[in-house]
Amino acid sequence: MKNNHRFRRVATAALAASLLVGGLAACSGSGTPASAGAEGASAEDIAKALDTETTLTVWGWAPQLEPIVKAFEAKYPKVHVNLENVGTGNAHYTKLQNAVKAGSGAPDVAQIEYNALPQFALSEALVDLKEFGAEELKDNYTESTWGSVNLNGGVYALPQDSGPMAMFYRADVFEKHGISVPTTWDEYVEAGKKLHAADPKAYITSDTGDAGFTTSMIWQAGGKPYTLDGSTKVAVDLQDEGARKWTGTWNQLLKNDLLSPVTSWSDEWYKGLSDGSIATLIIGAWMPANLESGAAGASGQWRVAPMPTYEKGAAATAENGGGGDAVLKQSKNKAAAYGFLQFANGPEGAKIHAANGGFPSTKADLESESFLNAENAYFGGQKINEVLVQASKDVVPGWSYLPFQTYANSIYSDTVGQAYGSKGDLNDGLKAWQDATAKYGQQQGFTVTTK
Amino acid sequence: MGWAFVGPFMGVFLLVFVAPVLYAFYLSLFQNQMVGGDKFVGGANYLQALADPQFWDSVIRVVVFLVVQVPIMLFLALFAALALDSGRLRASSFFRISVFLPYAVPAVVATLMWGFIYGPRFGLFGSINDFFGLNLAEPLSSSWILASIGNINTWEFTGYNMLIFYSALKVIPAELYEAANLDGAGTFRVIRSIKLPSIRGAIGIASIFSVIGSFQLFNEPNILKALAPNSISSYFTPNMYAFNLSFAGQQFNYAAAISIIMGVLTVIVAYVVQLSGSRKDA
């Protein structure tokens, strides 16, 4: 009996301890950011911080970060940088979000893509870099990338890479079937029909539904489905004019079986890109390096052209992917962290980034003679950067993502994906996506309006 | 004194089993919002889950999976075990190891491998369709995907269940067979009257393992989702739903409530399976 009693007491203590741990975790979640108040620093403060023994932690997965960090440490030997790859994309954001929620454990600097930036900026996880005078850097970056980091009147990251969209196409396939390279979406649909009729195994492009692609296509069509008012009011309208323009074109491809049913980034996809059964890709300017490594067999066959448009001759494109680096509010050494950003996302870092296969966001690098005139052997010697840099200037302005875009994207296949799967009306899919997105936003405490 | 012996076990048991369950239960009583932070909501998450069509959709899907896949797999395993036990197979040890081998392949690798086979364009299925000019089923389409996953699971776990049955068959005393032989019982009579009744316990155990496995279905659909995003929703199985809610949607609290409900459901179903098994025994 006595032993039994003791066991019970131990059990109660263990239970109490586990509840206590839970209680602490729950409390810290609602906590306010660690330090508020004046955090700004002058150029001298930043220079001083970079000349003091410090250790910075940087989270990111971009392969270019490693050479950038090396060059940074060589220039500022007193600052040590721990570069940690905690995952790619969502895995990285989940860890970052957890650290923010826990109130500790976040890095000083984190890589954040443009579509995830509102989530972290609006939840006050990031330092407004205006306090360090970042707004003066505005003219160094392309308009669209600056627009992506400039949210609600603050600057929450410095841009690193960008992904203005262009059309990558198989010159050999178009030539073989005597099809001219499309410049408008109507011509694109026609080309798709001709190609598939000439060779039933060939498709104009592959698409099984991808949230990033859909939002970029709506962006190019002039749609503004997500509007933010302050940090808690959101409007979602996935049936605006731009969205309908896109579905008007894409429904034709989908319903006529003109889209290769191969999922992007799969093994089959790369095979299709190699053997010519996928004739074009509408994708960000960061694609060339992926084509070279993933579809090496098609060397010399791919070319780049501007993205087709809805009106002939009116150039328009959108950003697809890309991101920058941000300073976390939890950082104990924000001045040094900003110093790192100035290097990594400034002229020095941008050069290293471009030299390692990245597509830059800095005007100086985009317009440098050597970048523009580089002839790419994989693309048959075409000066592809001329097309891609022009694309970076033709991005339709005024786009914004949701403060919970990463979740919205994760339920895309439940909604729009169903329309793809059944070859139905993409408008129905977009409506379902809008409803599911709005429902989540409301659960998360946002005021969401839909049309 | 007794507690000193079970103490180490109890310590570990409390730490790695009871504490996480209690913590999940504790979490499930709260709600965390991006705007508004944490608040105590009592049973609201449970009420929401019980009225959540996506949750029930996922539960019904694993129940359908269980009802179809588990009997097929156990029947195949039983057949293989009886064949081995009959002693009439040539190269029986080769047969045994080759049926068992898929179990040694990690589920992730197995799923990737089957994903390649299922591919509509360049996979084995695509090639067979091409070669014969057929248009057989598309294994990754939404109408076939559950069957395709069932096929992967059957391939993976038939050998494992076969071993459970085979080892149960091995301990049947030889005298029973001799007696049956003297009475003039044929092979099928021996199977029906001696072998099957003797391994009823093993069949029960294998059923319970398979039921639990079905309810916990996660690896296979989650990996195939990369190849067939439109056929596998984010709430395809209860585990996937909880996973996506918590790691894509930051809804840890709601995911905890769903996990607890699923845990309770699994216990109930496993208990019912066990009860019906033991009743036959009596």
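Below, read A as the first sequence line, B as the second, and so on, with proteins coming before strands; counting in each chain starts at 1. For the numbers below, each heavy atom of this structure counts, side chains included, while hydrogens, waters and symmetry mates do not.
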With a 4.5 angstrom heavy-atom cut-off, is it the side chain or the backbone of [X] that approaches chain A, or both, or neither?
X: Ile232(B); answer: backbone
X: Lys225(B); answer: side chain
X: Gln54(B); answer: neither
X: Ser234(B); answer: both

Give, for atom CZ of Phe116(B) and atom CG of Asp267(A), the distance between the pair rounded to the nearest 0.5 Å. 5.0 Å
Heavy-atom cut-off 4.5 Å, strictly under: side chain, backbone, both or neither for [X] against chain B?
X: Asp275(A); value: side chain
X: Ser422(A); value: neither
X: Glu268(A); value: both
X: Asp210(A); value: neither

Among Gly115(B), Pro20(B), Gly119(B), which residue forms the greatest number of heavy-atom pairs with chain A at distances under 4.5 Å? Gly119(B)
Atom [atom1] of [X] with >12 non-hydrogen neighbours under 6.0 angstrom:
X: Tyr271(B); atom1: OH; value: no
X: Phe40(B); atom1: CZ; value: yes
X: Phe25(B); atom1: CZ; value: no
X: Lys201(A); atom1: NZ; value: no
X: Trp144(B); atom1: CH2; value: no
X: Lys233(A); atom1: NZ; value: no

Counting C-beta onward and ignoring hydrogens, is there a side-chain heavy-atom pair between [X] and [Y] closer than 4.5 Å?
X: Gln33(B); Y: Gln443(A); answer: no
X: Ser410(A); Y: Asn244(B); answer: no
X: Pro261(A); Y: Glu138(B); answer: no
X: Asn98(A); Y: Phe252(B); answer: yes

Greatest number of heavy atom pairs closer than 4.5 Å to chain B - which of [options]:
options: Tyr412(A), Tyr407(A), Trp265(A); value: Tyr407(A)
options: Ser260(A), Gly445(A), Ala91(A); value: Gly445(A)
options: Asp414(A), Thr415(A), Thr263(A); value: Asp414(A)

Out of Asn230(B), Leu140(B), Leu227(B), which one pairs with Thr208(A) under the side-chain contact (heavy atoms from CB on, under 4.5 Å) rule? Asn230(B)
For residues Gln444(A) and Asn32(B), report the shortest heavy-atom separation together with the two atoms involved. OE1-O, 3.8 Å
Pair Gln119(A)-Met34(B), side chain to side chain contact (heavy atoms under 4.5 Å, CB included): steps then yes or no: CA-CA 9 Å; Gln119(A) 178 178 328; Met34(B) 285 171 80; 3.9 Å; yes
